Amino acid sequence: MSETPYPHLLAPLDLGFVTLPNRVLMGSMHTGLEDHARDYDKLATYFAVRARGGVGLMVTGGIAPNIEGWLKPLSGTMSMRWHVARHRKVTSAVHAEGGRICMQILHAGRYAVHPLSVAPSKIKSPITRFTPRALSSSGIERTIRAFVRSAQLAREAGYDGVEIMGSEGYLINQFLVARTNKREDEFGGALENRMRFPVEIVQRTREAVGRDFIIIYRLSMLDLVDRGQSWEEIVALAKGVEAAGATLINTGIGWHEARIPTIITSVPRAAFAWVTRRMKKQVRIPLITTNRINMPEVAEALLARGDADMISMARPLLADPEWVNKARENRADRINTCIACNQACLDHVFENKRASCLVNPRACFETELVIEPAARKKRFGVVGAGPAGLAAACTLAERGHAVTLYEQANEIGGQFNLAKRIPGKEEFAETLRYFSNRLHDLGVEVRLNATADAKTLRAQNYDGVIIATGVNPRDPRIPGQERVNVHGYTDVVSGKVEIGKRVAIVGAGGIGFDVAEYLSQPPPSPTLDIPRWMHEWGVDMSLAHRGGLSKPQVEPSPREIWLLQRTPGRPGKRLNKTTGWVHRAALKAKDVQMLGGVVYERIDDAGLHIRVDDQPRVLEVDDVVICAGQESNRALADELLALDIETHVVGGADVAAELDAKRAIAQATRLAATL
Ligand code: NAP
Ligand code: SF4
């Protein structure tokens, strides 16, 4: 093989009865396609595309071993022989591409969102509505048998193995700690009793499936909840499942109810690999590490250091199915990097929508959003190089059209150039790197510092023009806003203006929160410093305490900050499901004062005059930053339409309300796929 910068990542892994071609595991991730038989053709293509992309081994989203184990009503289940046929579509498609795939068996336990939920004890979780029924002894036996049967059926369906989901606070995890297991029988109390449930599942599964079938055990190596497991208990369990016949141990970090973020973009890259490294000395079977590993150089460094034997990634392979092939071909700079935003993947799953990917709207829509060569090659002008314009230009060029991209700034990126400057959002720069290379590879003519007007565009005689001119900040019309100490958010985040010690932020949408984060977090960003980040969130890297928790040590904000909105109630309610709580918690820890129900009266020498609950109040601030939302910038589109030029409007220029990059990229890609 030619010289590769990733020799460890691309090295085969011999499991005794099978050799995996490299060290990349596509980790389990629910897509919503697992739950209905009608979607299995789509699911099969989704996995086949990733097998073709060179992934060593893949794991399906969680499949319940019985009805009680459903995450929500009618979740994907493998308990009956008639379930096998639909799964065969997946395994055949993957094998046809030379890939391998395991089925994850997930029993939700008390995290189930339905009334049939069961758990070791009748204790409701803080994140679900239903109180589980405590399993009887015979119920436990039936559940173990359901796991085993599910694994046998998975083998029958052609899977190369199973992953037994023992982490993230699901049923197996619930057996392991006293906070959720108050049983007094042989499955509760002493450690060997609490461990009995998972160890029996692994042992009896191994007996049932034979020696040449992969069993991955996903082990909660860090619970991140109060009264979680101690490190000694976790090591004992790892040894127990190894002895019971597991082939590989995967790392699980944090229960879903934990209040420490574990995968979002502000979590440092490879933040938790140190936990797997600690376990390396304890067991002989290969270990898989995970969480926020999204680029080959990060994965390679971990493997080279011996932190783990394999790397698990799920979202990065949604973002770019060709991730492994690109690493192998030494084209990592062409990877469409997962920015860990959760906006189109996990947030969708929580909203009962099909998962996709913000930077790759084709993810999970491979059979529906097809980018094919155009029947007739045309010439297009695209105006605006923010996410929508970039996606439109690249997709059009991919289809063979000739594309000229106009951008009035001196760089591509639009709002992403601001996003990447927010502490914890450094990943957004990767998307711009990707698009920049993609434009180059596809031969898109990029004109920077170019203001495209209707006359210029008409003179070019394009077959069509895509308007992706984005948004203009909304004017909140507050008396006194013309003062020198009142700033638009772009000037603040781009560093054009200095902000004083006391500041009020008008508007608490996504950008108001970003600005509060920017002003409360002096550089360098904790996202670039794992020990500092662990300190700030209260993760005990010595693992001396149960659950891996310690007291958070937050660096105080260098400023006093007020974050304001007119809508009554606490700001931040409309932020995204899986990330909003992190932003709220981070700002709370920095003592940012969040006020809802605010009426803005005026700004003068005394500061910002507001009314809250009909009471006047003056915020004696040095500066006011306006983050009052956006309005579409579509004047050019209207001019072109008046000239009868074929014009399409995408992204914020189309609809500014609730503008986001997910909608912009998806809309632009879908449009370009049809032109
Ligand atoms: P936004 O989320 O729509 O928020 C606008 C804010 O301005 C709201 O708090 C709104 O609350 C306030 N507002 C609206 N009209 C106002 C007026 N006339 N005077 C004073 N305040 C007014 O917009 P954004 O913050 O500009 O963000 C734009 C989009 O970018 C977001 O929707 C989001 O999708 C995306 N984004 C996302 C993230 C993220 O972390 N996911 C981060 C940044 C941006 P009241 O009306 O209650 O005052
Ligand atoms: Fe990654 Fe965001 Fe895509 Fe999810 S939506 S895979 S987090 S880039």
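Being a predicted model, the structure only gives us computed values, none of them experimental. Atoms within each ligand, like the ligands themselves, are counted from 1 in listed order.
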Original post:
Looking at Leu358, which atoms of ligand 2 are within less than 4.0 Å of one of its heavy atoms?
Top reply: 3 (Fe), 5 (S)

Original post:
Of the listed options (Gly629, Ala508, Gly580, Pro473), which comes nearest to atom 23 (O) of ligand 1 when hydrogens are ignored and any heavy atom counts?
Top reply: Gly629

Subject >> Arg474, any N or O under 3.5 Å of ligand 1 N or O >> reply: yes

Original post:
For atom 6 (S) of ligand 2, which of Lys662, Arg315, Gln343 has the closest heavy atom?
Top reply: Arg315

Original post:
Is the Lys NZ or Arg CZ of Arg421 less than 6.0 Å from the centre of Tyr518's six-membered ring, within 45° of the axis?
Top reply: no

**OP:** Could you list which atoms of ligand 2 come closer than 4.0 Å to a heavy atom of Asn342?
**Re:** 2 (Fe), 7 (S)

**OP:** List every atom of ligand 2 that sits less than 4.0 Å from any heavy atom of Ala340, numbering the atoms from 1 in the order shown and giving each element.
**Re:** 1 (Fe), 7 (S)

**OP:** Ignoring hydrogens, just give me the one of Pro571, Gly572, Ala628 whose non-hydrogen atom is nearest atom 13 (N) of ligand 1.
**Re:** Ala628

Original post:
For ligand 2, which atoms, with element, lie under 4.0 Å from some heavy atom of Ala344?
Top reply: 5 (S)

Original post:
Is it true that the side chains of Glu426 and Ser525 contain a donor and an acceptor less than 3.5 Å apart?
Top reply: yes

Original post:
Hey, looking at atom 3 (Fe) of ligand 2, which of Ala661, Ala363, Cys357, Ser356 has the closest heavy atom?
Top reply: Cys357

Original post:
Backbone or side chain, does any N or O of Gly509 fall under 3.5 Å from an N or O of ligand 1?
Top reply: yes

Original post:
Would the number of heavy atoms belonging to other residues, nucleotides or ligands and lying under 6.0 Å from CD of Gln408 be above 12?
Top reply: no

Original post:
Hey, does Gly510 come in under 3.5 Å of ligand 1, counting only N/O atoms on both sides?
Top reply: yes

Original post:
Between Asp475 and ligand 1, is there a nitrogen or oxygen pair with a distance under 3.5 Å?
Top reply: no

Subject >> Subset of ligand 1 atoms that lie under 4.0 Å from at least one heavy atom of Asp514 >> reply: 42 (C), 43 (C)

Original post:
Regarding Arg218 and the six-membered ring of Tyr170, is the cationic atom NZ or CZ under 6.0 Å from the ring centre and inside 45° of its axis?
Top reply: no

Subject >> Short N/O/S contact of Cys341 with atom 2 (Fe) of ligand 2 (below 2.8 Å) >> reply: yes

Original post:
For ligand 1, is any non-hydrogen atom under 4.0 Å from Ile511's backbone (N, CA, C, O), its side chain (CB onward), both, or neither?
Top reply: both

Original post:
At a non-hydrogen distance cut-off of under 4.0 Å, which region of Lys425 contacts ligand 1 (side chain, backbone, both, or neither)?
Top reply: side chain

Original post:
Which ligand 2 atoms, with their elements, are less than 4.0 angstrom from a heavy-atom of Cys345?
Top reply: 4 (Fe), 5 (S), 6 (S), 7 (S)

Original post:
Hey, which atoms in ligand 1 end up nearer than 4.0 Å to a heavy atom of Asp660?
Top reply: 34 (O)

Original post:
What atoms in ligand 1 come closer than 4.0 Å to a heavy atom of Asn576?
Top reply: 41 (N)

Original post:
Is atom CD of Glu620 surrounded by more than 12 heavy atoms (other residues, nucleotides or ligands) closer than 6.0 Å?
Top reply: no

Original post:
Just checking, is any N or O donor in the side chain of Asn342 or Arg315 under 3.5 Å from an acceptor N or O on the other one?
Top reply: yes

Subject >> Identified side-chain contact (heavy atoms from CB on, under 4.5 Å) partner of Val503 from the options Asn485, Leu519, Val515 >> reply: Leu519

Original post:
Going by the atom numbers of ligand 1, which of them fall below 4.0 Å from some non-hydrogen atom of Tyr600?
Top reply: 20 (C)

Original post:
How close does the nearest protein non-hydrogen atom get to atom 1 (Fe) of ligand 2, and which residue and atom is it?
Top reply: Cys338 SG, 2.4 Å

**OP:** Give me the one residue out of Glu168, Glu257, His256 that meets side-chain hydrogen bond (donor to acceptor under 3.5 Å, both in side chains) with Tyr111.
**Re:** Glu257

**OP:** Count the heavy atoms of every other residue, nucleotide or ligand shown that sit under 6.0 Å from NZ of Lys588, and state whether that count exceeds 12.
**Re:** no

